[in-house]
Protein chains: 2
Amino acid sequence: MDKTPDLCRVEDALSILVGKWKPIILLHLLQKGTQRFSELKRSMPGITQKMLTKQLRELEEEDIIARVVYPQVPPKVEYSMTDYGRSLEPILEAMHEWGTKHTVHKQAKLDKEAKRQEA
Amino acid sequence: MDKTPDLCRVEDALSILVGKWKPIILLHLLQKGTQRFSELKRSMPGITQKMLTKQLRELEEEDIIARVVYPQVPPKVEYSMTDYGRSLEPILEAMHEWGTKHTVHKQAKLDKEAKRQEA
DNA sequence: TCCCTTAGTATCTTTTTGTATACTATACCA
DNA sequence: TGGTATAGTATACAAAAAGATACTAAGGGA
């Protein structure tokens with residue numbers, strides 16, 4: 001079974017998940033449900049407003065998340081996963097699981113290297 | 001169940017999978033087994049030597065792939081998945097599957113927009 | 001003798017990402 | 001009157017990733 005012509009599909013999936021922040025945003029929304037802009041921002045120390053805005057817009061553009069604006073002052077905007085976005089959950093879960101294992105593997109490797117330095 | 005402290009794990013997994021080329025390289029190696037540098041390059045029109053080299057080195061550094069050099073001229077270098085690298089297969093498969101669905105979704109969306117333009 | 005091959009390096013330029021900072025609107029509170 | 005809050009936008013800048021191009025070694029073939 002040759003899958004070569006489909007390889008580009010993986011790139012498509014990746015383009016939605018990658019970036020320093022997207023998977024984290026998605027996991028927050030999956031785990032906590034609807035979140036306001038400021039709640040997301042507080043959950044991710046280090047992200048700038050510009051970046052968060054940009055990532056959210058891109059995810060919205062792909063129908064992964066929904067954006068609801070309440071015409072108030074001060075502004076209120078809520079973000080949530082769409083049904084379509086929730087279909088990403090298996091990938092996120094697989095990555096989460098693998099990431100946990102990977103950390104162990106990486107630590108073991110570092111320990112081994114440290115030992116070699118000692119000798 | 002709060003998973004917040006584990007969010008970074010996903011980033012770990014991502015850091016290995018991301019980049020425009022890594023998942024494609026990995027799928028090629030998973031599907032075809034051991035490959036020479038030039039075979040990989042030919043499978044990925046558009047990638048530059050520099051990029052391919054860089055991605056392969058990074059994957060090697062993470063123990064995802066193995067690199068075997070034959071001391072010949074012209075040079076011969078073979079790449080293959082390590083056992084550890086093969087543990088990424090479920091993620092790659094999940095992404096592949098989702099990517100295929102996503103393409104359909106995206107196309108449907110474009111068609112709908114095209115229709116709206118006509119009206 | 002020149003050209004071909006392979007698996008790279010080296011160097012430079014462009015593009016993409018990310019950061020920092022300042023600014024906005026409008027209601028509420030002291 | 002001034003400060004607080006929210007969800008942004010605008011601008012300038014720095015850093016990282018990606019791309020284009022030229023170069024290398026050493027043997028074989030025309």
Side-chain angles (χ1 to χ4, degrees), chain A residues 7-8 10-26 28-29 32-62 64-81, chain B residues 7-8 10-26 28-29 32-62 64-81:
Chain A
L7 284 177
C8 52
V10 179
E11 264 199 273
D12 264 356
L14 257 301
S15 73
I16 279 175
L17 258 10
V18 308
K20 198 169 164 183
W21 305 106
K22 277 177 192 160
I24 302 167
I25 294 171
L26 293 178
H28 274 294
L29 290 177
K32 303 184 194 162
T34 302
Q35 293 274 107
R36 291 185 64 169
F37 183 89
S38 54
E39 290 175 311
L40 284 172
K41 188 160 182 296
R42 266 191 292 272
S43 312
M44 290 175 259
I47 198 172
T48 58
Q49 261 171 319
K50 186 192 167 190
M51 266 303 119
L52 184 51
T53 302
K54 200 186 152 216
Q55 306 301 310
L56 289 169
R57 288 295 143 77
E58 287 173 13
L59 291 169
E60 189 195 356
E61 179 63 23
E62 301 278 6
I64 304 299
I65 63 172
R67 177 172 179 264
V68 179
V69 183
Y70 296 85
Q72 304 176 352
V73 170
K76 178 178 170 183
V77 180
E78 284 183 345
Y79 294 90
S80 55
M81 298 296 283
Chain B
L7 283 177
C8 51
V10 179
E11 266 198 272
D12 263 357
L14 256 303
S15 73
I16 278 174
L17 259 9
V18 309
K20 198 169 164 184
W21 304 106
K22 275 176 192 160
I24 302 166
I25 294 171
L26 293 178
H28 274 294
L29 290 176
K32 303 186 193 159
T34 302
Q35 293 275 105
R36 291 185 63 170
F37 184 89
S38 54
E39 291 175 312
L40 285 172
K41 189 162 181 296
R42 267 191 293 273
S43 313
M44 290 175 258
I47 197 172
T48 58
Q49 265 172 317
K50 186 193 165 187
M51 265 304 118
L52 184 50
T53 301
K54 201 186 151 216
Q55 305 302 307
L56 289 170
R57 288 294 144 78
E58 288 173 12
L59 291 169
E60 190 197 355
E61 180 62 22
E62 300 278 5
I64 304 299
I65 63 173
R67 177 171 178 263
V68 178
V69 182
Y70 296 86
Q72 303 176 352
V73 170
K76 179 178 172 184
V77 180
E78 285 185 345
Y79 293 90
S80 55
M81 298 295 284

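Order of the sequence lines fixes the chain letters, A, B, ..., with proteins taken first and strands second; residue numbering starts at 1 for each chain.
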Which atom of B:His28 lies closest to which atom of B:Ser43, heavy atoms considered: CE1-CB, 3.4 Å
Where protein sits on nucleotides 19-30 of chain D, one letter per nucleotide: B base, S sugar-phosphate only, - none, heavy atoms under 4.0 Å: BB-----B----
With a 4.5 Å heavy-atom cut-off, do B:Leu56 and B:Glu60 have their side chains touching? no
As an exercise, state the distance from CD of B:Glu62 to CD1 of B:Ile16, rounded to the nearest 0.5 Å. 4.0 Å
Is there a donor-acceptor contact under 3.5 Å linking the side chains of A:Tyr79 and A:Glu39? no
Taken to the nearest whole Å, CE/A:Met44 to C1'/C:dG18 is 15 Å
OP1 or OP2 of D:dA7 versus the side-chain N and O atoms of A:Ser38: is any pair under 4.0 Å? yes
Rounded to whole angstrom units, what separation is found between the CG atom of B:Leu52 and the P atom of D:dA17? 17 Å
Phosphate OP1/OP2 of C:dG8 contacted by B:Arg67 side-chain N/O (<4.0 Å): yes
Given atom CD of A:Glu39 and atom C1' of D:dA5, what is their separation to the nearest angstrom? 14 Å
D:dT9, D:dT6, C:dG8: which one has an atom nearest the side-chain heavy atoms of B:Tyr79? C:dG8
Can you measure from CE (A:Met44) to CE (A:Met51) and round to the nearest 0.5 angstrom? 12.5 Å
Could you check how far CD of B:Gln72 sits from C1' of C:dT6, rounded to whole Å? 10 Å
Could you give the distance from CG (A:Leu40) to NZ (A:Lys32), rounded to the nearest 0.5 Å? 7.5 Å
In Å, rounded to the nearest 0.5 Å, how long is the span from NZ of B:Lys54 to OG1 of B:Thr48? 10.0 Å
Heavy atoms only: give me the nearest A:Thr34-A:Ser80 pair and the separation to one decimal. OG1-CB, 3.5 Å
Between C:dG18 atom C1' and A:Arg57 atom CZ, what is the distance in whole Å? 18 Å
Distance, rounded to the nearest Å, where A:Gln55 contributes CD and D:dT9 contributes C1': 16 Å
Mind listing the N/O atom pairs, protein and nucleotides 14-16 of chain D, below 3.5 Å?
none

Separation of D:dA7 C1' from A:Arg36 CZ (nearest whole Å): 9 Å
For the helix from C:dT1-D:dA30 to C:dT24-D:dA7, what angle separates the axis at the start from the axis at the finish, each from five pairs, in steps of 10°? 20°
Please report the distance, rounded to the nearest Å, between OH in A:Tyr70 and C1' in C:dT26. 20 Å
Indicate the atoms forming the closest heavy-atom contact of B:Val77 with B:Arg67, along with that distance. CG1-CG, 3.8 Å
Side chain to side chain, A:Leu17 and A:Leu26, heavy atoms closer than 4.5 Å: yes
Contact check, side chains of A:Gln35 and A:Leu29, non-hydrogen atoms, under 4.5 Å: yes
